[in-house]
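This report refers to the structure that appears directly beneath it.
Per chain, numbering begins at 1; letters A, B, ... match sequence-line order. The basis for the numbers below is simple: all heavy atoms, side chains too, and nothing from hydrogens, waters or symmetry mates.
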Amino acid sequence: MNPLFSVRGLEKRYGARIGCTGIGFDLWPGEVMGIVGESGSGKSTLLSCLAGHLPPDRGEVIYDGRDVLAMSEPERRMLARTDWAFVHQNPRDGLRMAVSAGGNVGERLMAVGARHYGDIRDTATDWLGRVEIASDRIDDRPSAFSGGMQQRLQIARNLVTGPRLVFMDEPTGGLDVSVQARLLDLLRGLVRRMGLSAIIVTHDLAVVRLLADRLMVMKGGECVETGLTDQVLDDPQHAYTQLLVSSVLQV
Amino acid sequence: MTAMDAYNFAYLDEDTKRMIRRALLKAVAIPGYQVPFASREMPMPYGWGTGGVQVTAACLTPDDRLKVIDQGADDTTNAVSIRRFFQRTAGVEVTEETEDATIIQTRHRVPEAPLQEGQIMVFQVPIPEPLRFLEPRETETRRMHALADYGLMQVKLYEDIARHGRIATAYAYPVKVEGRYVMDPSPIPKFDNPKLDDSPALMLFGAGREQRIYALPPYTRVESLDFDDHPFVASKADHACDICGATESYLDEVITDDQGGRIFVCSDTAFCRSRQEDRQ
């Protein structure tokens, strides 16, 4: 079996400052990897480089045997709307707020050539159901939705084309705890059922504990520790990871 | 000195005309592509056809016969003022007959009479970017055109059906040119969209404020976007003209009193008049 996604020696600098450096890993089909670290540790920079939003300065990114960085813009866009998905922290970045929920879900389908209104609508209704949004809200705009619903809508919009790899940037940030729990439950179900690979950036250790198979801890733009999630969280080796784990509030 | 001598032929100086003609050549070479051009200040406000006037000025020769219409009519303010403008600054012949004209400048209509080879249609365009209200960033819409990334245009039509049960866009209905560029046909009613397809006339589009020119060379394939299960329909008021009785022309609804009285009349006045004359 070949890895679905491999990264070698990835580096991104902002002038003299380091965004992230020396990052390398393999992601296998169906595997979920968490990236944790404090604010400013380079998590989001890394994710943007991986998803093709930012050109890295050095290193290589291979998806399914194809060099992502060498791809032309149309190829990368095609990939970004078929095999890949990107869930933004703020649903407003990932949704079209002036377009109805059905239109938001249907956009990716229409972008890859769907031209049958009835089929698009059926698929959209089905996906709204899967993310627990009532089907009578299909013609409402996302601005009429609660924060949790917007986030679920963004997830539906991204997963509708059946991607194989999902990038998530703090998918539960800014949601209250009970909504977070339900969203995580939903995400875990979808990821397991669809056999998705995912890279989840977060600073919430509970999220990775629940979702991720493997964990990468970042500090100052570098990867300081990797390993299976339970292993890293239960027996942290690096001083920073120990600090991170011990600073979780115990209720 | 007569008024004619006070201006260069057709108002614009020759360098400006050359610049516009270069943009026109590029636009004809890439049908549906929006070519930027250095739009000049014209002696009329934006929104009154400054783009169309510049294109007409760049195309006019002393032998041309000009027809100007506004919403199909030859006698409305915009049409009259632009026709007078060119009579004064170019001294060209003018006509109201579609068949006799060599250049037709139009606001929001295509004439009913079939166009012929050798004729030039000049459209006044307020907003050339069909994706504008869906994607406000110019950098992004240009990239979308470059990559033929037109899923978003379909989202607009989806929204129409979701909200109204059918594609409710009645004018400025987006078209795809030669299977490549999505183009705003200017705010003509969608009834006129089929007239753009495979037309023998050259069609030029000028947007003065937005500084864009685009074109459809003769016999270009122009398809209106739609869904398989909601096909494009070139709709018009379901009525006959109350003056000439035409059933196949695009109609304006005219309110005649405050008792709810109304009549439907051809929006193309030259077409309506010729039918009345034929009848007598």
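- The distance from the CE atom of Met78(A) to the CG atom of Asp149(B) is 9.5 Å, given to the nearest 0.5 Å.
- A distance-only check finds no donor-acceptor pair linking the side chain of Glu107(A) to the backbone of Gly151(B) [under 3.5 Å].
- Residue contact with chain A, scored on non-hydrogen atoms closer than 4.5 Å, is absent for Leu225(B).
- Using a 4.5 Å cut-off between heavy atoms, Arg81(A) contacts chain B through its side chain alone, with no backbone atom that close.
- For Arg182(A), the CZ atom counts as loosely surrounded, since its 6.0 Å shell holds 12 or fewer non-hydrogen atoms of other residues, nucleotides or ligands.
- Within a 6.0 Å sphere centred on CZ of Arg8(A), other residues, nucleotides and ligands contribute more than 12 heavy atoms.
- Contacts with chain B were tallied for Met110(A), Arg96(A), Arg115(A); Arg115(A) has the most, counting heavy-atom pairs under 4.5 Å.
- For a residue to count as touching a neighbouring chain, one of its non-hydrogen atoms must lie under 4.5 Å from one of that chain's; by this rule Ile120(A) touches chain B with the side chain only.
- Taking the six-membered ring where tryptophan is involved, the planes of Tyr158(B) and Tyr117(A) are tilted, since the angle between them lies from 30° to 60°.
- Residue Gln154(B) touches chain A through both its backbone and its side chain, counting heavy-atom pairs closer than 4.5 Å.
- Using a 4.5 Å cut-off between heavy atoms, Ile161(B) touches chain A through backbone and side chain atoms alike.
- The number of heavy atoms from other shown groups lying within 6.0 Å of CZ (Arg22(B)) does not exceed 12.
- Within the 3.5 Å criterion, the main-chain N or O of His116(A) finds no donor-acceptor partner in the side chain of Asp229(B).
- Across every non-hydrogen atom of Ala162(B) and Arg121(A), the tightest pair is CB-NH1, 3.7 Å.
- Around atom CD of Glu41(B), no more than 12 heavy atoms belonging to other residues, nucleotides or ligands sit under 6.0 Å away.
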